[in-house]
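Proteins get letters first, then strands, A, B, ... in listed order; numbering begins at 1 in each.
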There are 2 protein chains.
Amino acid sequence: MVIQLTSFDADVRPSGDFMAAVGGRSEGSAVPRSADVARLAGVSRKTVSRVLNNEPYVSEEARTKVLAAAEELGYRLNQAARTLASGRTGSIGVVALGTVGYGTASLLVHVERAVRDAGYALRVVNTPDGDPAGIAGAVESLLEQGVDGVIVSEPIVEGDVSVRVDVPVLFLGAPPAFNATRTVTMGVGAHELARAATEHLLDLGHTTVHHLAGPRRWYATKDRIEGWRAALAARGAHEPPLLNGDWSAASGHAVGEALASDRSVTAVFAAGDEMAIGLIHALREAGRRVPEDISVVGFDGNPVFAYVSPPLTTVRQPFEAAAREGIRLLVHAIEKPHTDLPQASDPPVELIVRGSTAPPPSPPDKTGRRTT
Amino acid sequence: MVIQLTSFDADVRPSGDFMAAVGGRSEGSAVPRSADVARLAGVSRKTVSRVLNNEPYVSEEARTKVLAAAEELGYRLNQAARTLASGRTGSIGVVALGTVGYGTASLLVHVERAVRDAGYALRVVNTPDGDPAGIAGAVESLLEQGVDGVIVSEPIVEGDVSVRVDVPVLFLGAPPAFNATRTVTMGVGAHELARAATEHLLDLGHTTVHHLAGPRRWYATKDRIEGWRAALAARGAHEPPLLNGDWSAASGHAVGEALASDRSVTAVFAAGDEMAIGLIHALREAGRRVPEDISVVGFDGNPVFAYVSPPLTTVRQPFEAAAREGIRLLVHAIEKPHTDLPQASDPPVELIVRGSTAPPPSPPDKTGRRTT
DNA sequence: TTGAAAGCGCTAACAA
DNA sequence: TTGTTAGCGCTTTCAA
């Protein structure tokens with residue numbers, strides 16, 4: 001741990017803005033204003049504004065001069081003033097979960113990139129609990145800071161969130177939790193993915209598939225349960241009782257210890273890669289082989305699990321596509337409020353078959369009895 | 001994938017602010033201003049401001065009335081106006097890496113929490129490349145948006161970044177890359193951690209330790225190399241050539257394949273958990289046992305790797321402590337610019353010994369020859 | 001194509 | 001303890 005403090009030059013102002021507010025005018029090394037640029041370029045402030053905002057009706061000559069003057073002065077547009085005058089903030093806020101899992105983290109990274117590519121700045125507020133009160137508070141603080149749009153990313157609980165929102169809202173991976181001027185919902189394919197994972201196991205010959213679910217309060221959990229259920233129902237497979245984890249490998253491990261003695265279990269679809277890893281570990285510790293005795297499928301697609309034994313079969317969530325498409329719609333809602341939303345393309349469902357799945361130890365015969 | 005668009009009520013304004021800017025006065029359902037609160041509470045706007053900013057010299061009575069009026073109106077302070085008038089933005093910007101690794105993601109989560117706990121909002125800009133140009137652009141955009149302080153989190157390359165920065169800057173996990181009004185540096189203990197990991201292996205009886213490093217351009221890589229080197233030098237151990245990865249499990253796997261045939265290698269310290277996992281996998285595929293033939297230590301402390309075979313011995317980076325302490329110093333620099341920085345406490349070095357390390361297959365005898 | 005004037009909603013300084 | 005006045009730096013309107 002190193003703490004280094006560069007010598008603090010006492011006559012450096014804490015902030016140019018502060019100094020100016022105190023009374024300094026644009027003299028000496030003070031932070032340049034648009035008036036300074038205008039003066040240097042020999043035009044009006046409004047023309048400077050026009051150039052910097054790419055507005056039409058500016059002569060090439062004026063544009064060139066303004067750009068040169070701005071560059072020379074090291075002029076930086078004051079976003080607060082612009083926001084106050086125009087009502088547009090140029091930023092989008094995201095309410096995220098604040099967990100460090102591969103899934104949520106990579107979703108956030110893609111959101112940041114998509115937002116930036118769309119020309120907006122990003123404000124982030126985490127709500128580790130994801131409950132309605134937390135989300136309401138987070139949205140409230142975002143609105144207060146000033147945002148043109150809000151993204152609510154994978155919130156946890158259902159329940160009505162009570163906030164007054166005048167800007168468009170994008171719900172990523174969950175149904176709308178509150179009303180807003182305009183609401184856009186973008187799923188992350190959890191249902192289809194869960195269904196594909198379950199079907200993969202069924203296709204291998206397993207008579208049914210157990211499901212290790214996440215905490216019941218999460219939307220992500222519900223979606224996966226439903227997908228699993230749909231796959232089972234479509235094949236007429238019996239639906240075994242749910243197994244419960246909390247996304248952590250430790251919880252998967254605990255479930256695996258309890259499950260190991262139940263010889264009727266031959267296939268488990270876990271709602272997260274990490275739970276799957278914990279589950280497999282416990283199973284093997286108890287002497288059950290994976291995939292020979294029990295097949296396990298994960299959920300997320302973290303590439304590192306291609307390098308464990310056995311390499312984990314899993315499904316990949318299309319975070320990048322979901323973030324990109326969702327934000328495209330959100331930005332459309334922000335910038336063209338009175339037009340219809342464009343069509344969103346469906347991201348692909350991607351099943352990654354590796355080594356943790358195989359046919360059941362001994363396929364059931366026609367009567368459904370198992371011949372071990 | 002579900003796209004849902006709630007019916008768009010045509011007479012809902014796209015934004016209250018916009019409407020007001022167009023000419024509406026505080027009438028009907030327009031967004032309330034501080035003047036509206038003042039009127040309802042029967043005080044002046046300045047008193048409203050005082051109450052909302054927790055300034056002294058307000059009577060209990062006035063405070064109560066203002067709060068009630070604000071609540072009734074659903075008043076929300078306009079941060080842009082406040083910023084313009086006061087010069088303070090109430091937000092801190094972070095320049096992050098935008099990779100989805102466990103390390104960087106969890107650092108970002110802790111940064112968000114610490115920033116919020118300190119009463120600031122967070123702006124995030126990612127620079128996937130982390131190079132000086134990218135960092136400069138990111139800082140520039142943050143400054144333009146308006147921030148009271150900047151955090152540069154684990155940048156990649158050395159090199160001078162050319163930006164004019166009037167606010168304090170916190171460098172997390174790297175030395176200062178540019179000059180600012182005030183610079184604070186907070187390491188994440190990488191050197192000490194790398195040293196502890198290497199020493200653990202040496203203590204086990206290995207004559208030397210190989211190091212699987214990350215991309216050479218990263219500061220994080222350099223720090224770990226230096227820690228490893230220091231441990232080797234302190235014991236008079238021979239320093240083998242560096243192995244090179246890119247943080248991914250795949251790169252660790254590739255190195256492992258090449259390394260498997262070299263029987264002289266008995267201990268490897270990998271600069272990241274995921275590379276360690278890939279390395280171990282390749283080693284075992286080639287018939288070498290871990291830890292019996294080769295010991296491997298990772299770096300990061302992702303708990304999921306306690307549930308693979310063998311459970312990974314690793315060191316945990318004190319992200320939470322580093323973020324909390326670093327931001328404490330940054331906030332101090334922002335709020336009390338003319339005082340000394342407080343003392344920062346050193347986060348603990350934490351070695352997590354699990355199953356991937358053991359004494360060498362057959363300890364060298366006194367002469368240094370190996371008796372296999 | 002350009003400019004002058006008038007705010008945006010808030011806080012700072014000062015006076016009361 | 002409170003209110004008045006005067007901006008913060010920009011965009012908007014409207015006229016030129």
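Here the nucleotide nearest the side chain of B/Ser86, chosen from D/dC8, D/dC10, C/dA12, is C/dA12. Nearest nucleotide to the B/Ala85 side chain, out of D/dC8, C/dT2, D/dT12: D/dC8. When each of C/dC10, D/dT11, C/dT11 is scored by its nearest atom to the side-chain atoms of B/Ala81, the top-ranked nucleotide is C/dC10. With distances taken from any side-chain atom of A/Val58 to the nucleotides D/dC10, D/dT1, C/dT2, the minimum falls on C/dT2.
Using a 4.0 Å cut-off between a side-chain N of Lys or Arg and a carboxylate O of Asp or Glu, B/Asp36 and B/Arg39 qualify as a salt bridge.
The CD-C1' distance, from B/Glu144 to D/dC10, rounds to 13 Å in whole Å. In this structure, B/Glu61 atom CD and D/dT1 atom P are separated by 13 Å, rounded to whole Å. Rounded to an integer number of Å, the gap from A/Arg63 CZ to C/dT2 C1' is 14 Å. When the P atom of C/dC10 is taken as reference, atom CZ of B/Arg88 falls 16 Å away, rounded to whole Å. For B/Glu55 and C/dA12, the CD to P distance is 6 Å, given to the nearest whole Å. A straight line from CZ of B/Arg39 to C1' of C/dG9 spans 13 Å, rounded to a whole angstrom. Between B/Gln79 atom CD and C/dT11 atom P there is a gap of 9 Å when expressed in whole angstrom units. Distance B/Asn78 CG to C/dC8 P: 12 Å, rounded to the nearest Å.
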Strictly under 3.5 Å: I want the nitrogen or oxygen pairs between protein and nucleotides 3-6 of chain C, one per line.
from	atom 1	to	atom 2	distance (Å)
C/dG3	OP2	A/Ser44	N	3.0
C/dG3	OP2	A/Ser44	OG	3.0
C/dG3	OP2	A/Thr47	OG1	2.6
C/dG3	N7	A/Arg50	NH2	2.8

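Comparing A/Pro56 and B/Thr83 along DNA chain C, the residue whose closest nucleotide (by nearest heavy atom) sits nearer the 5' end is A/Pro56.
Taking 4.0 angstrom as the limit, A/Ser49 places a side-chain polar atom (N or O) nearer than this to OP1 or OP2 of D/dT11.
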